[in-house]
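Residue numbers count from 1 along this sequence. Computed from a predicted model, the values in this text were never measured in an experiment.
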Amino acid sequence: MKEKTDVQLRLQSIRQRMKEEQIDAWIVLTSDDHGSEYIGNYFKCREYLSGFTGSAGSIVVLQKEVGLWTDGRYFLQAEKELEGSGIVLHRIGEENVPKIEEYLIQKLPIQATVGVDGSTIHVNAYRRLKKELDKKKIRIRLDCDLVGDIWQNRPVMCCKPAWELNLCYAGSSRMEKFAEFRKKLKEEGADYSVISSLDDIAWILNIRGNDIACNPLVLGFLVIGKSEVFWFVQKEAVDCSLEDKLQKEGILLRDYFEIYSFLAEELNMCCIYLDPERTNMLIYKNAKNEKKQRTILEGKNLTLLPKAIKNQTEIDNMRKAHRKDAVACIKFLYWLKTNIAKKNASDGTRQLNEKNMFESKALSEISLAEKLEKFRSEQEHYISPSFDTIVGYAEHGAIIHYKATAESNLTIQAENFVLIDSGGHYLEGTTDITRTIALGELTPEQKHHYTLVLKGNMNLAASKFRYGCSGIHLDSLARKALWAEGLDYNHGTGHGIGYLLNVHEPPNSFRCIMSESRDECTRLEPGMITSDEPGIYLPGKYGIRLENLILCKELEKNEFGRFMGFETLTLVPFDRDAILVEELEDWEREWLNQYHAKIREEIGGLLTPSEAAWLKEATAAL
């Protein structure tokens with residue numbers, strides 16, 4: 001008999017616990033108690049149970065089958081990682097793929113019981129699930145953590161030191177932010193607000209940490225009242241000097257796990273404001289303690305828009321961060337292109353083997369990521385990557401959120417594309433950039449596809465639009481050239497960027513399809529920074545994505561209204577070797593030439609003479 005895999009053994013254990021608890025279906029979400037996109041090892045229940053390592057996905061375990069739902073960024077990755085596990089992949093958004101609630105309705109009998117850890121499902125998600133399951137009188141239990149029950153040697157919850165972000169970077173003090181927050185709280189008619197989302201807490205406190213890899217955040221909850229503030233945090237993370245400073249400002253520290261009992265017992269008759277998209281069900285149930293005669297007022301976090309609309313200090317600093325990041329990225333491109341040129345030269349001193357690779361010192365996906373990180377680490381005030389660097393060579397570029405492992409790590413050859421999606425956290429802000437790089441002579445098809453993606457990037461960056469538009473109105477600009485040829489990409493065109501916070505920050509985004517959260521309906525405001533990243537992916541061949549960050553600005557105001565546009569913050573050239581110039585319109589060529597001239601002007605003087613000479617050639621006018 002074939003030996004069972006770890007995943008199969010864990011599923012067997014979960015099913016046993018389900019029998020003991022009389023639960024017919026168990027849902028495992030990719031979440032922590034805060035609704036974070038990226039989570040610490042302690043919270044990675046879905047990954048532990050399934051072996052799938054993507055940042056988005058949910059599992060449903062029945063006694064006789066298991067399904068995993070994930071989006072288009074992870075289809076190819078999930079196929080590989082789920083192989084042999086018995087878990088069926090459900091590709092979200094594809095035809096005839098049921099939503100989880102539809103699947104449960106199909107599979108479960110009337111009055112069955114579904115379970116999910118109540119600390120990992122936010123209020124609106126629970127309501128959507130309950131609305132559907134009520135049609136079949138299916139009960140939902142929130143009081144178990146079945147994966148936690150079976151997880152042997154579970155990692156401990158991370159607790160790294162918290163640190164204060166100085167005013168010269170934040171641009172606004174805690175007390176100024178609290179004053180504005182309390183004005184809004186009063187306007188809403190509430191006495192307290194509960195904030196669970198870690199980036200909102202970090203922003204209003206001007207505090208950062210490292211409790212989630214690549215996310216400078218501190219695990220905690222915040223309760224803001226009319227005169228007091230309670231921060232529920234692992235106290236070991238806060239040193240005495242910072243704690244004293246916070247207490248003098250009226251911010252009291254409580255233990256992280258006390259949040260539930262505090263809400264259940266310590267607040268008497270009052271009105272509590274919270275965000276049902278960013279508050280878990282256990283927080284909600286404790287806040288809505290009817291014995292305490294409380295009312296719940298729901299709406300978007302009052303920090304959401306102020307955090308997304310960067311102040312002038314943050315904007316100025318973000319420009320500085322992007323100049324630093326450009327230096328690192330251009331040094332890397334020079335290094336990579338020089339090495340590839342040497343490979344192509346095959347001048348007798350470095351002979352290529354029959355696979356067109358160097359016999360020694362071969363470049364690989366992992367080594368490229370390490371080299372780029374080295375260049376970033378040399379920049380002043382650099383802190384860490386803003387997410388795990390994606391280096392996808394050839395066919396791996398078609399895996400949208402690919403991460404190289406020792407087993408998958410490809411050797412870089414002097415041909416095809418390599419797609420590199422990376423970013424950094426600096427005291428001056430956060431960056432996110434994708435470049436697809438030609439490593440040798442490209443086919444006409446490869447150049448054509450690259451040019452289509454480039455046209456999309458420029459078309460969005462150069463757009464001018466009436467104030468009041470949201471990203472969903474503009475997304476088609478980035479897809480226009482692809483759609484004209486029946487092509488597309490299976491992800492959003494852009495996401496908001498935090499200031500030394502989450503690299504994916506709501507509510508601003510560019511998307512062509514509405515989601516249930518409706519954040520994409522948020523209008524674009526001056527000061528919002530959003531990514532611009534169209535792409536195309538051909539499984540088994542290559543992927544192309546080109547990403548810049550763009551700052552929303554007011555361009556003019558006249559009798560027809562306010563008109564907005566974008567400033568491109570990213571200052572790294574596109575690959576001229578991959579562009580079919582004859583396919584560019586005149587305005588596109590002019591825009592690209594001006595963009596490349598700006599890069600030469602702002603970055604050229606920060607490079608070595610050889611790097612600057614290469615940049616001059618790489619940005620020469622088309």
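Side-chain atoms of Ser422 and Arg435 form no donor-acceptor pair, as typed in the model, at a separation below 3.5 Å. For the residue pair Asn206/Tyr169, the side-chain donor-acceptor check at 3.5 Å is not satisfied. A donor-acceptor pair shorter than 3.5 Å can be found between the side chains of Glu176 and Ser172. Side-chain atoms of Ser119 and Asn280 form no donor-acceptor pair, as typed in the model, at a separation below 3.5 Å.
Glu602 has no carboxylate O lying under 4.0 Å from a charged side-chain N of Arg319, or vice versa, which leaves the two without a salt bridge.
Tyr42 pairs by the side chain to side chain donor-acceptor pair (under 3.5 Å) definition with nothing, not counting sequence neighbours.
Aromatic pair Tyr467/Phe563: centroids not less than 6.0 angstrom apart. Proximity of the aromatic rings of His495 and Phe387 is defined here by a centroid distance below 6.0 angstrom, and this criterion is not met. You'll find the ring centres of His401 and Tyr74 inside the 6.0 Å limit. Taking the six-membered ring wherever Trp is involved, the centroid distance between the rings of Tyr256 and Phe221 falls below 6.0 Å. Checked against a 6.0 Å centroid threshold, the rings of Phe574 and Tyr595 count as neighbours.
Ring geometry for Tyr426 versus Tyr382: interplanar angle over 60°, hence perpendicular rather than tilted (30 to 60°). Between Phe465 and Phe566, the ring-plane angle classifies as tilted under the 30° and 60° cut-offs. Under the 30°/60° scheme for interplanar angles, the aromatic rings of Phe375 and Phe332 are found to stand perpendicular.
A distance-only check finds no donor-acceptor pair linking the side chain of Asp421 to the backbone of Glu547 [under 3.5 Å]. Between the side chain of Arg278 and the backbone N or O of His34, no donor-acceptor pair lies under 3.5 Å. Using a distance-only test at 3.5 Å, with no hydrogens or angles considered, no donor-acceptor pair links the side chain of His473 to the main chain of Cys469. In this structure, the side chain of Arg174 does not engage the main chain of Ile207 through any donor-acceptor pair within 3.5 Å. Formation of a donor-acceptor pair under 3.5 Å by the Asp211 side chain with backbone atoms of Leu219 is found in this model.
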Step-by-step side-chain contact (heavy atoms from CB on, under 4.5 Å) determination, Val218 to Leu205: CA-CA 11 Å; Val218 181; Leu205 290 178; over 6 Å; no
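With Glu266 as the fixed residue, the salt bridge (charged side-chain N to carboxylate O under 4.0 Å, His left out) test singles out one of Arg254, Lys292, Arg294: Arg254.
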